[in-house]
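Below, chain A is the first sequence line, B the second, and so on; all start at residue 1. What you see below is based on every heavy atom in this structure, not just the backbone, and it leaves out hydrogens, waters and symmetry mates.
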Amino acid sequence: MYQFLDDLNADQRAAATAPLDGVLLVLAGPGTGKTKVITARVAYLMLHYKLPPEDIVVATFTKKAANEMVERLDVLLAQFPEVDHKKLMIGTFHSICVRILRRYGRLIGLNSGFKIADEADSRHLVKKAVKTLSQEGVDLASKEQDVKSYKNYISSHKNKAQLPDDVPSAKSANHRNKYLDIYREYQEELLRNNVIDFDDCLLLTHTLLKKHPYCMGRVKHVLVDEFQDTNAVQLGLVYMLSGYNESHLHNVTVVGDPDQSIYGFRNAEAENFFRMEDYYRQKGVTVSKVSLTQNYRSTSNILNLAEQLMGQQFGKREQKKLKSNKKVNLPVELFSSADNKVEAISISKKIKELVDGAVFRCSDVAILLRAGFLSRVIEQELIHSNLPYQVVHGRSFWENKEIRLMMNFMRAVASDMDWLGYSRCLEFHVAGLGPKSMQIIEDLFMEQRAHNEPGNVLAILEGIAEGRVKGIMAKSVAGIKEVLDIIKSSRKLLLDDKTEQEQLSTMFNNIVTKTKLVSIIAKERADKHDSPEEEIEANLNELQNQLVSFNIQEETLLQDAYETEDLIEVADESFDALAETSASLDKLTQFLDSVYLYEETKDAKKTAPKITITTVHGSKGLEWPVVFVPALCDGILPSQYALNTSLDEAKRQAALDEERRCMYVAVTRAKERLFLSYHHRALGFSMGDQAKTKSRFLNLPKGFVQSSKAAMLKGPPLNLSQPTSRFANVMRSSPSLNTTYKGFQPASKLTGNAFTPEGLTKISKPTKKRLGMGRPLRFLKK
DNA sequence: CACTAAACTATTTTT
DNA sequence: TAGTTTAGTG
């Protein structure tokens, strides 16, 4: 019928072509072609059932997943020009919600010009709230740790759809009320700054649709990817989005795998699978389930180990019977090391063997870690042994100081209302401007806001420059004048008679030059890095490129999509419009808006032949021919938190189960070779070295892993009271000692003749991303 | 009142 | 290690 359906196996096809009406749960284990199925289903809904793309909502969890799906649809639908899949409402939950709020937020009193508060803004406002409250006499701790716990409190309530007024009153403890006070004050702060935080994106949409469900009344089908990662609010959104259109009531497709739920800490609830089933069954809606069991990724040894691991879950779980399609099947290897440095050495030696044997390339190898900080030791060792690697950290690029500063200066250029942006610029650039002076300026701004005006930071600063404000030191006034100049001159550059690209890049350079950003930040890092300027400039270049090459999103998506149009007063113009505007200024504004919600964080050079180091969470949805999972120690995986004995039994089990799922995700990333390891001792920071024991998850029956004892250090058992770091250093620097280290067997011995290098190169292409759409199809066919 | 230098302390995962 | 908090100085 459709060619893309021929490329699916029977189960996949059943899922993709399931009836339009009713609820479909697709239980897709790792490597079973989940994305392929959901993409095919979307195509089928549009082609076969003739659903208009603008009536279909496809919600994903990450930007990457959304982008990938669009890419696949591009290929899939190339031959069906009559279907315009660009009109699909596809994106992360957050981005879809923001689009809805921009358009209909007014109905719940939201100012349509709102901005998204990023993590830094949000933290700042929590701190602010704490400060305000302590000034009012409430006794509050404001250490970093405490701020974190306040944020957690707020977030967890928001994720349960509880605004301050909805929080159930605490029975006894009075610290609870303090938390609630902070929550209230924090919400006020958001409002005063005309921003909403990440959780609000979802929560406010939830509130909106509860009151005004007709806003999204024409939605005919809702699809959710990685459903196990949804929280209560997201589940509610699915119910509401699919619960209004009478001709297409409760038409939902969700795809996911409860075993891969590793975002519980962020209030994801894998139980949503069961909840949803109950909810719709009670409504009399047909609920069908399809399980995908054919695995196209891993060898059966890897799959067996994974299944064995999950068999130890405390919570209920359905057994999986994943079938491998791989002919070759090498054992999963396990080794232990005296300490984490030795472990790193073993890993690098092993990688060297695999790579030198021309069996794998560096880009085929990934090292997956429970936590980011574990990468340090391994990185050092990889540098030492000259192995190229890349650390893929979620948003580290955006967290660089130079990037954050540039973003803030550009925010100020883009909007006079953006106090949060302006304030960071002032703090950075104006000498002599401390908390007291900042407070004076902020008060002026908030006063304007209180009078229901948008607020205009630039005007206030001009007032200061003209000496109309008391309490600001002369030295600071001079600095403020400079900031004014930077902002104004940058704006002028955006109105120049040049191309958009030129305008943006000269504006960018203008800020960089006038703030002397590079030299100032370089100075701060001088004692830690060799050539900090280089790195800073490279980062700035990257940002500049992203800005200049940014394409304006189709924000008009919702514009014409709704018949209910006349029912709803259309959102008014944002009142933030600057006196003079230009295409490049619009572009700048959109760029700033988009960064946190739409823009995919670049995963370094995809083509570079490098080893990938990333966290287990960061590895989700990806795959590599060779995977190392080091540091499988109690206290790391499972993490210390899960081992906390002060938790009650149910919570402890739930936490342990999530940790186990973490390991499940890690091991199921591997296609051909999987190496597990742990160390007996962690050489650490100031807190001193810690003795470690083998992770409880490694207590497996015989036969699932092959221990390679050779990786253990030869020599006397470690004396734990002696400084081990020196020991490790000797190991590393002394060749004679190194020879006693046996390391791994040569790759040839392990692989035997079953694997020829030629045979392997065919299937050992790197990450999923590079496979794109065409490749896996061809691969699966054979 | 702001700035600097020394001291401290916490290390998960992220839209 | 690095980011933040503090105490002491100008």
Under 4.0 angstrom between A:Arg123 side-chain N/O and C:dT4 OP1 or OP2:
yes
By the 4.0 Å heavy-atom rule, please label A:Gly372 as base, sugar-phosphate, or nothing.
sugar-phosphate
Could you tell me the separation between the NZ atom of A:Lys158 and the P atom of B:dT15, rounded to a whole number of Å?
18 Å
Scan the side chains in residues 228-237 of chain A for donor-acceptor partners under 3.5 Å anywhere in the protein, sequence neighbours excluded, and list what turns up.
from, atom 1, to, atom 2, distance (Å)
A:Gln228, OE1, A:Asp257, N, 2.9
A:Gln228, NE2, A:Glu226, OE1, 2.7
A:Asp229, OD1, A:Lys620, NZ, 3.3
A:Asp229, OD2, A:Lys620, NZ, 2.4
A:Thr230, OG1, A:Phe227, O, 2.7
A:Thr230, OG1, A:Asn272, ND2, 3.0
A:Asn231, OD1, A:Val233, N, 3.0
A:Asn231, OD1, A:Gln234, N, 2.9
A:Asn231, ND2, A:Asn159, OD1, 3.1
A:Gln234, OE1, A:Asn231, N, 2.8

Report the distance from atom NZ of A:Lys470 to atom P of B:dC1, rounded to the nearest whole Å.
15 Å
Report the residues that fulfil side chain to side chain contact (heavy atoms under 4.5 Å, CB included) with A:Ala66, sequence neighbours left out, ordered by chain and then residue number.
A:Thr60
State which residues pass salt bridge (Lys or Arg N to Asp or Glu O under 4.0 Å) with A:Arg123; sequence neighbours excluded, sorted by chain then number.
A:Glu144
How do A:Ser437 and A:Ser639 order along DNA chain B: which one's closest nucleotide is nearer the 5' end?
A:Ser437
Ignoring backbone atoms, establish whether A:Thr615 has a side-chain N or O less than 4.0 Å from OP1 or OP2 of B:dT12.
no
I need the residues from residues 228-240 of chain A with at least one non-hydrogen atom less than 4.0 Å from DNA chain B; give them sorted by number, or say none.
none
By nearest-heavy-atom nucleotide on DNA chain B, the more 5' of A:Pro435 and A:Arg266 is A:Pro435
Candidates B:dT15, B:dT12, B:dA2 - which lies nearest the side chain of A:Glu119
B:dT15
Rounded to whole Å, CD of A:Gln640 lies from P of B:dA10 at a distance of 14 Å
Mind checking side chain to side chain contact (heavy atoms under 4.5 Å, CB included) for A:Lys694 and listing every partner two or more places apart, or none if nothing turns up?
A:Tyr678, A:Leu698, A:Asn699
Looking at every strand, decide which applies to A:Lys148 at a 4.0 Å heavy-atom threshold: base, sugar-phosphate, or nothing.
sugar-phosphate
Partners meeting ring pair (Phe, Tyr, Trp, His ring centres under 6.0 Å) with A:Tyr263 (sequence neighbours left out)
A:Phe61, A:Phe265, A:His617
Of the nucleotides B:dT15, C:dT5, B:dA2, which has the atom closest to the A:His94 side chain?
B:dT15
Using whole Å, what does the distance between atom C1' of nucleotide B:dT13 and atom CG of A:Leu656 come to?
16 Å
Quantified in whole Å, what is the P atom distance between nucleotide C:dT4 and nucleotide B:dT13?
15 Å
Does A:Phe373 lie flat on the base of B:dT12, that is, centres under 5.5 Å apart and planes under 30° off?
no
Charged N-O contact under 4.0 Å between A:Lys692 and A:Glu343
no
Value in whole Å for how far the P atom of B:dT13 lies from CG of A:Leu637
12 Å
Base, sugar-phosphate or nothing for A:Phe61? Non-hydrogen atoms, less than 4.0 Å.
sugar-phosphate
Are the side chain of A:Ser155 and the backbone N or O of A:Lys151 linked by a donor-acceptor pair below 3.5 Å?
no
Which of B:dT15, B:dC3, C:dT1 is nearest the side chain of A:Ala431? It is B:dC3
Between B:dT14 and A:Thr92, is there an OP1 or OP2 to side-chain N/O distance shorter than 4.0 Å?
no
From CD1 of A:Ile636 over to P of B:dT12, roughly how many Å is that when rounded to an integer?
12 Å
What's the closest nucleotide to the side chain of A:Phe198 if the choices are C:dT1, B:dT13, B:dT15?
B:dT15
Provide, to the nearest angstrom, the distance between the CZ atom belonging to A:Phe265 and the P atom belonging to B:dT12.
11 Å
Strictly below 4.0 Å, N to O, side chains only: are A:Arg661 and A:Glu658 in salt-bridge contact?
yes
Send over the distance from A:His617 NE2 to B:dT15 P, rounded to a whole Å.
11 Å
